[in-house]
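All remarks here apply to the structure that follows.
Values below: every heavy atom of this structure, side chains too, minus hydrogens, waters and symmetry copies. Throughout, protein chains are lettered first and strands after them, A, B, ... in sequence-line order, and every chain is numbered starting at 1.
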Number of protein chains: 2
Amino acid sequence: MGTRAERTRERLLAAAMELFAERGYDATSAGQIAARAGVTEMTFFRHFPSKASLLVEDPYDPVIGAAIRRQSPDLDPITRTARGVREAWRELPPPAVDEVRVRLRIVAQTPTLRASMAGGTAATEAVIVDALTSDGVGRFEATIAAAAVMGALNTALLEWSLTADDDLGGAIDTALDILSDRRG
Amino acid sequence: MGTRAERTRERLLAAAMELFAERGYDATSAGQIAARAGVTEMTFFRHFPSKASLLVEDPYDPVIGAAIRRQSPDLDPITRTARGVREAWRELPPPAVDEVRVRLRIVAQTPTLRASMAGGTAATEAVIVDALTSDGVGRFEATIAAAAVMGALNTALLEWSLTADDDLGGAIDTALDILSDRRG
DNA sequence: TCCCTGAATGTTAGCCACTAACATCAGCCG
DNA sequence: CGGCTGATGTTAGTGGCTAACATTCAGGGA
């Protein structure tokens, strides 16, 4: 069952998702989430650094970095990054995809969260820049490529989350094809 | 001298820039800015919807929309958007460029502001999508193109603000060339 | 010039996200 | 069963931001 802290964390997350579904993100306070989880507001912030972090965590950064490093260095940085991102997302098992959609749907409908999502990709962009520069790409070029791909990817994810489409990989492919026209 | 409200707004803006330079963005509160401007915290929020809006306002949206519409519809959406954005920024007079740099430098050094900057470009992205779709581009494709170009542009602006480089146009050109390889 | 009307500002009160310092309690280890 | 450590509670506070209502000021008409 995991340690006590892990169980509390799970209860907080479950309570938050319930409340978000009932009254929306903005209308539910951290204190309410904590109360439903049978815990104090303080405890909530000990498990989650912010209210937004309930929804915009992305634990896939290492996978993305590795996938980019696997791409041929002959490709231009944007294509390499785009292909790496595609492969990384393809490794997600179906249940995780469903969970991602539930969360992204809330983010898509909450303007302030869209902003924090963009902010939350800073770490991912750093990973991409590292992967690209380790293969000789200039830092400025790598930074621009990372920002462009993440901008396109985030937007594609948000749009996809609002559709009934099940094919996440297809949506990502379509979006990244707009950036680099070759099929990967 | 303009109306009274305009003068108050100017004093608030000037006071804010002073304080940001003295102790940084996070360490100065809205109340302190108001006090230095000889006004109440309430009045501050009547003139600026948020503390971040002191720095991330971008009044150039209509210019960008018009510039994109001027591009040939034969080009792919990303190239068209990139060229429009270049032309729009080229119309900025040098004093405005200096002012933009002062502000962006603060944004670049403040992580929370980088996030609000991304959020603040939502309006610009909407303008870009409108311009593209009015020429027959699909909505999804237009949305992705707008997000990618704005991601690259914002990143380029932040990087440029931290250098001693005077040539803003050149920096933008370099960044957008990474997205669409033809010179415009 | 004086007034007077509406805009600009002040006052008060409050919510929420988030943080810090210190006290308490629960569970596992020997 | 006793003690030690990590998880939780308590209290107190800051800062961004909003709402309802009172007050003052600026500028145009008489």
| query | With respect to the phosphate group of dT8(D), does any side-chain polar atom (N or O) of His47(A) fall under 4.0 Å of OP1 or OP2? | reply | yes
| said: Quick test of your reading of the model: are Asp26(B) and Lys51(B) salt-bridged, counting only N-O distances below 4.0 Å? | reply: no
| message | Let me spell it out: for each of Arg46(B) and Ser50(B), pick the nucleotide of DNA chain D with the closest heavy atom. Which residue's pick is nearer the 5' end? | response | Ser50(B)
| query | Would the number of heavy atoms belonging to other residues, nucleotides or ligands and lying under 6.0 Å from CZ of Arg139(B) be above 12? | reply | no
| query | Counting side-chain heavy atoms from CB outward, which of dT8(D), dT18(D), dG10(C) is closest to Thr43(B)? | reply | dG10(C)
| task | Considering just the side-chain nitrogens and oxygens of Thr3(A), establish if one lies under 4.0 Å of OP1 or OP2 belonging to dG6(D). | result | no
| Phe44(B) has an atom CZ; how far is it from atom P of dA8(C), in whole Å? | 17 Å
| query | Of the nucleotides dG15(D), dC18(C), dC17(D), which has the atom closest to the Phe45(B) side chain? | reply | dC17(D)
| query | Has the side chain of Trp160(B) got a donor or acceptor atom that lies under 3.5 Å from a matching backbone atom of Asp165(B)? | reply | yes
| remark: Nearest-nucleotide check on DNA chain C, Ala30(A) vs Arg4(B); residue mapping nearer the 5' end is Arg4(B)
| Thr28(A) or Arg11(B): which one's nearest nucleotide on DNA chain C is closer to the 5' end? | Arg11(B)
| Between Arg70(B) and Glu91(B), is the closest basic N to carboxylate O distance under 4.0 Å? | yes
| request: Counting heavy atoms from C-beta on, name the nucleotide in dC17(D), dA17(C), dA8(C) closest to the side chain of Ala5(B). | output: dA8(C)
| field | Thr40(B) side-chain N/O to dG10(C) phosphate OP1/OP2 under 4.0 Å | value | yes
| field | Side chain of Thr8(B) (C-beta onward), nearest among dT9(C), dT18(D), dG16(D) | value | dT9(C)
